[in-house]
Enquirer: 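Have a look at this one before I ask anything.
Every heavy atom of this structure was used, including side-chain atoms; hydrogens, water molecules and symmetry mates were not.
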Amino acid sequence: SPAERAFHSATQFYAVRELEKAIENYQQAIELDPSFAEPYFGLGRIYLVDTQEFDKSLEMYERARELVPNDPRSRTSLAYAYFVMGRYQESVNEYVEAVQIDPEDADTYLNLGYSYEKMEMDLAALNAYRRAQELRPTDARATQALAQLYYRANLYDQAINAYEKLRSLSNPSAYTLSTLGFLYMKVGEFDKADTLFRTVLQQNPNDVAARAN
């Protein structure tokens, strides 16, 4: 259809960063077929990420939600826009709707956890991160989020387990190794802490925190 052709032209322009032409073609697609949801997602992304016209972004995503309320993207896109704008309760509301539509999407639970953390609802965040980890055990992001949450709550044994899992999933950063070393000090396992701090110093002899620890 003409609307679909305009939409595909817009996505091609966006791919080569010709934003004005992309916007023009997305708008043309909407004019040709106001019930076609895809151009609203495209415009929403441009307004949110590229031009940072947040009110316009919300308008586009809200229209997409009206058109395809049972498409999880219509919820997660709007949720992310609310998150960027600092409207965390509304972000949570949309992510909760999204997981009801698709309860097997790990990314949605992960982002729901981030929104809960912003609202200082750590228990709810913990449950969301655990679900994300269950759905995608090899996702280092969920494991790291859990580790940091346990650490902040002074749940040292759980934090150690999470950081050790994180080490097995990815090439650990100096921060991860130092934090794990600090946690081992907290539970009195000084040999393990010593080994971790020395590992950090082998990578970066000028790491003052590791040397102090």
Enquirer: side-chain contact (heavy atoms from CB on, under 4.5 Å), that's the test. Do Gln52 and Val84 meet it? Break it down for me.
Expert: CA-CA 10 Å; Gln52 297 186 339; Val84 170; over 6 Å; no

Enquirer: Could you report the tightest heavy-atom contact between Ala142 and Leu110, atom names first, then the distance?
Expert: CA-CD1, 3.7 Å

Enquirer: In terms of heavy-atom contacts, does CD of Glu59 have more than 12 from other residues, nucleotides or ligands at under 6.0 Å?
Expert: no

Enquirer: Does the side chain of Arg87 reach to within under 4.5 Å of the side chain of Leu58, using non-hydrogen atoms?
Expert: yes

Enquirer: Do Leu180 and Phe182 land in one hydrophobic cluster if side-chain heavy atoms of ILVMFWY residues count as linked below 4.5 Å?
Expert: yes

Enquirer: Please report the closest heavy-atom contact between Pro34 and Leu67, naming both atoms and the distance.
Expert: O-CD1, 3.7 Å

Enquirer: Would you say that more than 12 heavy atoms from the other residues, nucleotides or ligands in this model lie under 6.0 Å from the CZ of Arg131, or not?
Expert: yes

Enquirer: What verdict does the side-chain contact (heavy atoms from CB on, under 4.5 Å) test give for Met85 and Asp55, after you've listed the backbone C-alpha separation in whole Å, the side-chain angles of each residue and the deciding distance to 0.1 Å?
Expert: CA-CA 10 Å; Met85 297 175 70; Asp55 289 340; 4.1 Å; yes

Enquirer: For the atom pair CD (Glu97) and CG (Asn70), what is the distance rounded to the nearest 0.5 Å?
Expert: 10.0 Å

Enquirer: Can you find a pair of side-chain heavy atoms, one from Asp50 and one from Arg17, that are under 4.5 Å apart?
Expert: yes

Enquirer: Within a radius of less than 6.0 Å around CD of Glu20, do more than 12 heavy atoms belonging to other residues, nucleotides or ligands occur?
Expert: no

Enquirer: Look at the side chain of Ser91 and the backbone N and O of Tyr80, then say whether any donor-acceptor pair between them is shorter than 3.5 Å.
Expert: no

Enquirer: Would you compute the distance between atom OH of Tyr47 and atom CG of Leu19 and round it to the nearest 0.5 angstrom?
Expert: 10.5 Å

Enquirer: Parallel, tilted or perpendicular: which one describes the rings of Phe41 and Tyr61, with boundaries at 30° and 60°?
Expert: tilted

Enquirer: Write down the atom of Ile101, the atom of Pro69, and the distance for their closest heavy-atom approach.
Expert: CD1-O, 3.5 Å

Enquirer: For the side chain to side chain donor-acceptor pair (under 3.5 Å) test, which of Gln133, Arg167, Lys165 pairs with Thr143?
Expert: Gln133

Enquirer: Side chains of Thr176 and Thr179: is there a donor and an acceptor less than 3.5 Å apart?
Expert: no

Enquirer: Taking only Lys NZ, Arg NE, NH1 and NH2, and the carboxylate oxygens of Asp or Glu, determine whether Glu24 and Lys21 approach each other closer than 4.0 Å.
Expert: no

Enquirer: Supply the atom-to-atom distance Asp102 CG to Arg75 CZ, rounded to the nearest 0.5 angstrom.
Expert: 13.0 Å

Enquirer: Using side-chain heavy atoms (C-beta onward) and a distance below 4.5 Å, is Phe197 in contact with Met185?
Expert: yes

Enquirer: Please name the pair of heavy atoms, one in Ala3 and one in Ala29, separated by the smallest distance, quoted to 0.1 Å.
Expert: O-CB, 3.4 Å

Enquirer: Answer yes or no: is there a side-chain heavy-atom contact under 4.5 Å between Glu62 and Arg65?
Expert: yes

Enquirer: Relative to the ring of Tyr163, is the ring of Tyr151 parallel (under 30°), tilted (30 to 60°) or perpendicular (over 60°)?
Expert: perpendicular

Enquirer: Drop me the distance from Leu169's CG to Asp139's CG, to the nearest 0.5 angstrom.
Expert: 8.5 Å

Enquirer: How many angstroms lie between OH in Tyr175 and CD in Gln144, if you round to the nearest 0.5 Å?
Expert: 8.0 Å

Enquirer: Would you check if the side chain of Ser57 reaches a backbone N or O of Glu53 as a donor-acceptor pair within less than 3.5 Å?
Expert: no

Enquirer: To check you understand the geometry: which heavy-atom pair defines the closest contact between Ala210 and Val200, and what is its length?
Expert: CB-CG1, 3.7 Å

Enquirer: Do Ile30 and Leu48 sit in the same hydrophobic cluster, where Ile, Leu, Val, Met, Phe, Trp and Tyr count as joined when their side-chain heavy atoms come under 4.5 Å apart?
Expert: no

Enquirer: Kindly work out whether a path of hydrophobic side-chain contacts (I/L/V/M/F/W/Y, heavy atoms less than 4.5 Å apart) joins Tyr26 to Val49.
Expert: no

Enquirer: For the CD atom on Gln100, are there more than 12 heavy atoms of other groups (residues, nucleotides or ligands in this structure) within a distance under 6.0 Å?
Expert: yes

Enquirer: Could you tell me if the side chain of Asn154 sits less than 4.5 Å from the side chain of Lys186, heavy atoms only?
Expert: no

Enquirer: Considering only heavy atoms from C-beta outward, does the side chain of Leu43 approach that of Ile23 to under 4.5 Å?
Expert: yes

Enquirer: Taking atom CG of Asp191 as the centre, does the number of heavy atoms from other residues, nucleotides or ligands within less than 6.0 Å exceed 12?
Expert: no

Enquirer: Tell me whether Met60 shares a hydrophobic cluster with Phe36, the cluster being built from Ile, Leu, Val, Met, Phe, Trp, Tyr side chains joined at under 4.5 Å.
Expert: yes

Enquirer: Please answer whether the main-chain N or O of Ser74 pairs with a side-chain N or O of Ser77 as donor and acceptor at a distance below 3.5 Å.
Expert: no

Enquirer: Which pairs count as ring pair (Phe, Tyr, Trp, His ring centres under 6.0 Å) when at least one residue sits in residues 93-132, sequence neighbours excluded?
Expert: Tyr114-Tyr129

Enquirer: Decide yes or no on side-chain contact (heavy atoms from CB on, under 4.5 Å) for Leu166 and Ser170, but give the supporting numbers first.
Expert: CA-CA 6 Å; Leu166 186 61; Ser170 61; 4.1 Å; yes

Enquirer: Is there a side-chain contact (heavy atoms from CB on, under 4.5 Å) between Gln203 and Leu177? Walk through the geometry before answering.
Expert: CA-CA 11 Å; Gln203 297 172 359; Leu177 295 176; 4.3 Å; yes

Enquirer: Let me see the working for Asn93 and Tyr82 under side-chain hydrogen bond (donor to acceptor under 3.5 Å, both in side chains), right down to the final yes or no.
Expert: CA-CA 10 Å; Asn93 293 345; Tyr82 282 137; over 6 Å; no

Enquirer: Do the non-hydrogen side-chain atoms of Tyr14 and Arg45 ever get within less than 4.5 Å of each other?
Expert: yes

Enquirer: When you compare the side chain of Leu135 with that of Asp105, does any pair of heavy atoms fall below 4.5 Å?
Expert: no

Enquirer: Check the hydrophobic clustering (I, L, V, M, F, W, Y; side-chain heavy atoms under 4.5 Å; chains of links allowed) and say if Phe13 and Ile46 are grouped together.
Expert: no

Enquirer: Does Arg152 make a cation-pi contact with Tyr150 (under 6.0 Å, within 45 degrees of the axis)?
Expert: no

Enquirer: Could you state the interatomic distance from CG (Asn25) to CG (Leu32), rounded to the nearest 0.5 Å?
Expert: 10.0 Å

Enquirer: Between Arg211 and Pro205, is there a donor-acceptor pair closer than 3.5 Å when you use the side chain of the first and the backbone of the second?
Expert: yes

